[in-house]
J.: 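Got a structure for you, written out below as structure tokens; questions coming shortly.
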Amino acid sequence: MADSAMEVLTRALSGHGINEKAMIETLGKWDQEEKRLFRKSSSQFFSEDERCCFERWEEHGMRLLKHEFMRFKNAVVLWTTHPWERDARLVKEALSKGHHGQNLNILIEVACTRTSDELLGARKAYHSLFDLSIEEDVAAHMNGPQRKLLVALMSAYRYEGPKYKEETAKSEAKEVAHAIKEAATQKSSLIEHDDVVRILSTRSKHHLHALYKHYNEISAGRSIVEDLHGNLSLQEAVLCLVNPVKYFTQILNVALRVEADKKIKKALTRIVVTRADKDMKDIKVEFKNEYGVSLGERIESVCNGSYKDFLLALLARSD
């Protein structure tokens with residue numbers, strides 16, 4: 001079997017979509033011996049059945065191939081779904097898969113990067129689709145310290161206007177700084193701190209921008225995000241609220257690594273689809289500035305087939 005054929009299959013199974021055209025052209029020409037050689041040389045997907053003497057698929061290999069073929073379909077479904085239903089289903093899926101890692105990440109992302117009306121719409125859709133509220137479902141599934149914060153964030157309906165009180169923002173920056181310092185010295189749970197939760201879940205994003213600025217001033221140039229090290233959920237909530245473009249850029253960079261696991265890779269589809277008509281232009285600029293390569297070029301080099309083409313088409317909407 002030619003090396004180029006092996007390379008096609010290796011890339012096809014690399015984890016960011018399938019190059020359907022190349023696979024068809026390659027696999028359609030293989031005879032029995034070439035297929036046997038492929039199975040023999042692909043120990044990450046096949047193993048020798050010693051009892052009956054044949055090369056058998058490993059279960060994880062079949063699941064991986066299924067995920068990669070589904071990637072394009074999932075992107076199309078997510079793109080054509082009403083935004084309210086899309087966010088409701090993203091939250092439901094995250095809750096059904098446990099309260100850790102990427103699942104918490106999705107809950108915070110939906111709660112903190114949507115407008116008040118978008119989040120309200122997702123809550124309405126959740127009622128209709130699942131016959132209960134997002135808030136009660138989050139409360140039922142979260143049994144750790146994150147519950148209080150997540151329920152509050154999901155329940156928010158923030159003022160969207162530009163007005164805020166500078167003195168209040170300055171005062172609350174001091175409150176947050178004191179809470180962070182107190183939690184560090186007393187080893188208490190900052191994520192359950194009443195004032196921190198209240199501020200993050202009720203204040204407008206303009207207000208929180210001002211608070212963020214004042215915090216930098218009173219903490220010798222350190223940001224809240226830096227001082228929240230060890231409190232990942234709070235870090236992500238703050239970043240989503242005050243600098244969502246930076247948040248999305250960081251997540252995209254991780255999701256576009258070939259070695260990323262399948263849960264993290266799903267973030268690529270989610271972010272490109274949900275931000276294509278929002279702030280994708282700003283995300284592309286931030287990505288290029290931060291990583292020295294354009295987002296489109298990274299997708300072009302890592303992704304395959306129809307999945308790649310669809311993502312690039314969505315990116316092009318913001319050109």
Side-chain angles (χ1 to χ4, degrees), residues 100-102 104-105 107-115 144-150 152-153 156 158-255 257 267 271 275 279 282-293 295:
H100 51 77
Q102 280 293 302
L104 280 176
N105 186 264
L107 300 180
I108 292 169
E109 184 179 306
V110 170
C112 298
T113 67
R114 289 3 178 203
T115 67
Q146 295 95 347
R147 176 193 283 174
K148 184 175 184 177
L149 175 68
L150 289 170
L153 291 173
R158 302 173 193 276
Y159 166 63
E160 295 281 351
K163 295 181 179 180
Y164 64 91
K165 294 180 179 178
E166 195 74 45
E167 285 304 312
T168 304
K170 186 181 294 187
S171 172
E172 289 184 342
K174 293 177 182 177
E175 285 184 51
V176 172
H178 177 73
I180 291 173
K181 187 174 181 179
E182 185 179 60
T185 56
Q186 298 182 6
K187 301 195 183 310
S188 56
S189 177
L190 183 63
I191 201 170
E192 296 180 286
H193 192 286
D194 287 339
D195 286 333
V196 172
V197 172
R198 172 185 60 80
I199 290 166
L200 292 181
S201 62
T202 64
R203 293 304 189 187
S204 74
K205 291 178 182 179
H206 282 89
H207 179 101
L208 292 172
H209 273 283
L211 185 154
Y212 191 87
K213 179 192 70 174
H214 288 304
Y215 187 98
N216 285 4
E217 293 169 356
I218 64 176
S219 61
R222 296 189 316 277
S223 72
I224 299 178
V225 174
E226 290 174 308
D227 282 353
L228 286 172
H229 56 85
N231 290 277
L232 184 58
S233 294
L234 280 174
Q235 281 184 317
E236 290 179 344
V238 170
L239 198 56
C240 283
L241 287 165
V242 302
N243 195 348
V245 167
K246 188 175 185 65
Y247 163 81
F248 287 125
T249 299
Q250 291 176 350
I251 298 296
L252 284 170
N253 181 55
V254 175
R257 294 174 183 165
I271 293 173
R275 310 317 294 178
D279 47 8
D282 295 331
I283 291 170
K284 289 192 292 188
V285 170
E286 177 75 12
F287 195 95
K288 180 67 178 290
N289 291 340
E290 190 69 26
Y291 304 111
V293 62
L295 179 57

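Count residues from 1 along the sequence.
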J.: Hey, what do you get for CD (E290) to OG1 (T249), rounding to the nearest 0.5 Å?
T.: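 If I round to the nearest 0.5 Å, the distance is 7.5 Å.
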
J.: Which distance, rounded to the nearest 0.5 Å, do you find between the CG of L208 and the CG of L200?
T.: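 Reported value, rounded in 0.5 Å steps: 6.5 Å.
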
J.: When you measure from the side chain of T185 to the backbone of E182, do you find a donor-acceptor pair of N or O atoms at a distance under 3.5 Å?
T.: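 Yes; judged by distance alone, with no hydrogens or angles, the pair exists.
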
J.: Do E166 and H214 make a side-chain contact, defined as non-hydrogen atoms from C-beta onward lying under 4.5 Å apart?
T.: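 Of all side-chain heavy-atom pairs linking H214 with E166, at least one is under 4.5 Å.
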
J.: A side-chain contact here means heavy atoms from C-beta on lying under 4.5 Å apart; do Y212 and N243 qualify?
T.: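 Y212 does not reach N243 side chain to side chain.
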
J.: With side-chain contact (heavy atoms from CB on, under 4.5 Å) as the test, would you mind laying out the steps for L190 and L228 before giving the verdict?
T.: CA-CA 9 Å; L190 183 63; L228 286 172; 3.3 Å; yes

J.: Do you know the tightest heavy-atom contact between V196 and A179?
T.: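 V196 and A179 have their closest heavy atoms at CG2-CB, 3.8 Å.
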
J.: Would you say the side-chain atoms of N231 pair up with the backbone N or O of L234, donor to acceptor, closer than 3.5 Å?
T.: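 The answer is no, because no donor-acceptor pair under 3.5 Å joins these two groups.
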
J.: How far does NE2 of H209 sit from CZ of R203, to the nearest 0.5 angstrom?
T.: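 Taking NE2 in H209 and CZ in R203, the distance rounds to 15.5 Å.
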
J.: With rounding to the nearest 0.5 Å, note down the distance linking CD1 in I108 to CD in Q235.
T.: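 Output value for this atom pair is 10.5 Å.
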
J.: Take H178 and K174, measure what side-chain contact (heavy atoms from CB on, under 4.5 Å) needs, and give me the verdict at the end.
T.: CA-CA 6 Å; H178 177 73; K174 293 177 182 177; over 6 Å; no

J.: Where do Y291 and Q250 land on the side-chain contact (heavy atoms from CB on, under 4.5 Å) test, with the steps shown first?
T.: CA-CA 10 Å; Y291 304 111; Q250 291 176 350; 4.1 Å; yes

J.: If you measure from NZ on K205 to CD on E160, what distance do you get to the nearest 0.5 Å?
T.: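 If we round to the nearest 0.5 Å, K205:NZ and E160:CD are 6.5 Å apart.
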
J.: Specify the closest pair of heavy atoms between A156 and S201, including all atoms of both residues, with the distance to one decimal.
T.: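 Nearest heavy atoms, A156 then S201: CB-O, 3.2 Å.
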
J.: Take atom NZ in K170; do more than 12 heavy atoms of anything else shown fall under 6.0 Å from it?
T.: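 Count not over threshold, so no.
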
J.: Between E109 and R275, does any NZ, NE, NH1 or NH2 come within less than 4.0 Å of an OD or OE carboxylate oxygen?
T.: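 The answer is no: the pair does not qualify as a salt bridge.
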
J.: Could you check if a side-chain atom of R158 sits within less than 4.5 angstrom of a side-chain atom of L241, using non-hydrogen atoms only?
T.: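 R158 vs L241: side chains touch.
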
J.: With a 4.5 Å heavy-atom cut-off, do I191 and Q146 have their side chains touching?
T.: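 In short, these two side chains touch, coming nearer than 4.5 Å.
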
J.: Can a donor-acceptor pair be found, under 3.5 Å and without considering hydrogens, that links the side chain of S171 to the backbone of E167?
T.: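 Pair absent, no side-chain N/O of S171 close to backbone of E167.
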
J.: If you define the side chain from C-beta out and look only at heavy atoms, does anything of E236 sit under 4.5 Å from L104?
T.: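 They are not in side-chain contact.
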
J.: When rounded to the nearest 0.5 angstrom, what is the spacing between NZ in K246 and CG in N289?
T.: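 It is 10.5 Å, given to the nearest 0.5 Å.
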
J.: Ignoring hydrogens and geometry beyond distance, is a side-chain donor-acceptor pair present between Y215 and D227 at under 3.5 Å?
T.: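 Side chains of Y215 and D227: pair found under 3.5 Å.
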
J.: Could you go through E172 and R198, starting from their C-alpha distance and side-chain angles, then the distance that decides it, and tell me whether this counts as salt bridge (charged side-chain N to carboxylate O under 4.0 Å, His left out)?
T.: CA-CA 11 Å; E172 289 184 342; R198 172 185 60 80; 3.2 Å; yes

J.: Are any non-hydrogen side-chain atoms of L211 and Y164 less than 4.5 angstrom apart?
T.: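 Result no, sub-4.5 Å side-chain heavy-atom pair not found.
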
J.: Please step through side-chain contact (heavy atoms from CB on, under 4.5 Å) for the pair N105 and I251, ending with a clear verdict.
T.: CA-CA 10 Å; N105 186 264; I251 298 296; 3.9 Å; yes

